[in-house]
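Just below is one structure, and these are the notes that go with it.
Below, read A as the first sequence line, B as the second, and so on, with proteins coming before strands; counting in each chain starts at 1.
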There are 2 protein chains.
Amino acid sequence: MKEPTFPDSPLADLCRERGLKLTGQRRTIAFVLSDSDDHPDVEELYRRAVEVDPRISIATVYRTVRLFEENGILQRRDFGGGRARYEVADGDHGDHYHLIDADSGKVIEFENPELDALLDNIVREMGYDLVTTRLSVVGRRKAKPR
Amino acid sequence: MKEPTFPDSPLADLCRERGLKLTGQRRTIAFVLSDSDDHPDVEELYRRAVEVDPRISIATVYRTVRLFEENGILQRRDFGGGRARYEVADGDHGDHYHLIDADSGKVIEFENPELDALLDNIVREMGYDLVTTRLSVVGRRKAKPR
DNA sequence: TTGCAAATGATAATCTTTCTCATTAATAGG
DNA sequence: CCTATTAATGAGAAAGATTATCATTTGCAA
Ligand SMILES: [Mn+2]
Ligand SMILES: [Mn+2]
Ligand SMILES: [Zn+2]
Ligand SMILES: [Zn+2]
């Protein structure tokens, strides 16, 4: 196989650590994901991956995001619109949440430890341990008061 | 048209109030929804509707939940699993949220004014007005300590 | 370097939801 | 009550996203 023109990404290393076979396609997709700081869907990932290495099919992108998600490497997000979107799982800093601009669709990330704690408490008081929080808020930019 | 064997439901009245044409099928679907206290998907609504009146097609159920949602009569929910689920919009009491049992899939509703207020504040401080909150938490029942 | 299990590419199948269009029914006005 | 108008419905086709199939290729352990 032809050698890639890019270095192994942090995600590629993670892939190896989990004992997943590191194919050329997976290395490419891992690179593209590490290089992204937004929330691409599969079509968009496919576009970015093909730029790096054309020997890739969309079926493999679907398979790979699923594999990475099952292994805790990726997080799947649902912002409505019918397609799943993906981002690298935050290993280090805590969960973050998403505010979606109602008019532009722009996704704005935020963290809030108070919210983390409150959700944890609510769920605990109901007799459960919190496994996953799925939260996104839609907002409309305020007219600046003058 | 044959007369229905059930009285007009609160949702049927709402339908009329909004100036929507009150067809037999809509009356049936409104009745079934008013009669439900869970979060059925379209297939399940269709099953329940057919029991009440077999002159109904699944296409009409899809059309009707969309219409009702656009008119603020129904709320669409996404608990994962690929199909939308629906419940009557709470006119009176505030928003509620959903805890999903990770093992059984059971949906448990809860309200929390502190959470309402916190989300509102977070969004406002980011310069937005809160439009919609999409929140569900997945939890696993705690082993009872002894 | 080889062998083999696992991954890939191409495309078919699946699943949910929406659309199309001929037929039917609700409602306003007489 | 009757009729006309217009919207709603039923059946099935179509669309859009994701998963499955299967022949071929490839990573990697021996
Ligand atoms: Mn969804
Ligand atoms: Mn409380
Ligand atoms: Zn994010
Ligand atoms: Zn609910």
Original post:
If you find the nucleotide of DNA chain C closest to Arg16(B) and the one closest to Arg83(B), which residue's nucleotide is nearer the 5' end?
Top reply: Arg83(B)
**OP:** With sequence neighbours left out, write down each residue that passes salt bridge (Lys or Arg N to Asp or Glu O under 4.0 Å) with Arg76(A), or none if nothing qualifies.
**Re:** Glu69(A)
Subject >> salt_bridge(Asp41(B), Arg83(B)) N-O dist < 4.0 Å >> reply: yes
Original post:
Which pairs, with at least one residue in residues 21-43 of chain A and sequence neighbours excluded, count as a ring-ring contact (aromatic ring centres under 6.0 Å, His included)?
Top reply: Phe6(A)-Phe31(A), His39(A)-Phe79(A), His39(A)-His98(A)
**OP:** Give the stems involving DNA chain D, where a stem is 3 or more consecutive Watson-Crick or G-U wobble pairs (i with j, i+1 with j-1, and so on) under 3.5 Å.
**Re:** C:1-30 with D:1-30
Subject >> N/O (side chain, Tyr62(A)) to phosphate O (OP1/OP2, dT19(D)) under 4.0 Å >> reply: no
Original post:
Quick one: Arg85(B) CZ to dT16(C) C1', roughly how many Å, whole number?
Top reply: 15 Å
Subject >> Distance-only polar pair, side chains of His96(B) and Glu109(B), donor-acceptor under 3.5 Å >> reply: yes
Subject >> Under the side chain to side chain donor-acceptor pair (under 3.5 Å) test, residues paired with Tyr46(B) that sit two or more places apart >> reply: none
Subject >> N-O pairing of Arg134(B) and Asp78(B) below 4.0 Å >> reply: no
**OP:** Rounded to the nearest angstrom, tell me the gap between atom CD in Glu43(A) and atom P in dA17(D).
**Re:** 7 Å
**OP:** Round to a whole Å and report the spacing from CG of Asp41(B) to P of dC15(C).
**Re:** 14 Å
**OP:** In whole angstrom, give the distance that lies between atom CG of Asp53(A) and atom P of dT8(C).
**Re:** 12 Å
Original post:
Should the pair Asp103(B)-Arg140(B) be classified as a salt bridge under the 4.0 Å nitrogen-to-oxygen rule?
Top reply: yes
**OP:** Encode nucleotides 5-12 of chain D as B, S and - characters from 5' to 3', where the letter depends on protein heavy atoms closer than 4.0 Å: B to the base, S only to sugar-phosphate, - to neither.
**Re:** -BSSBBBB
**OP:** Taking salt bridge (Lys or Arg N to Asp or Glu O under 4.0 Å) as the test, write out the residues that go with Arg48(A), two or more places apart.
**Re:** Asp38(A), Glu44(A)
Original post:
Over how many whole Å does the gap from Arg66(A) atom CZ to dA6(C) atom P extend?
Top reply: 16 Å
Original post:
In whole angstrom, what separates Tyr46(A)'s OH from dA17(D)'s P?
Top reply: 15 Å
Subject >> Spacing of Glu69(B) atom CD relative to dT18(C) atom C1', expressed in whole Å >> reply: 15 Å
**OP:** Before accepting this row, confirm whether a basic side-chain N of the pair Arg16(A)/Asp8(A) lies closer than 4.0 Å to the acidic partner's carboxylate O.
**Re:** yes
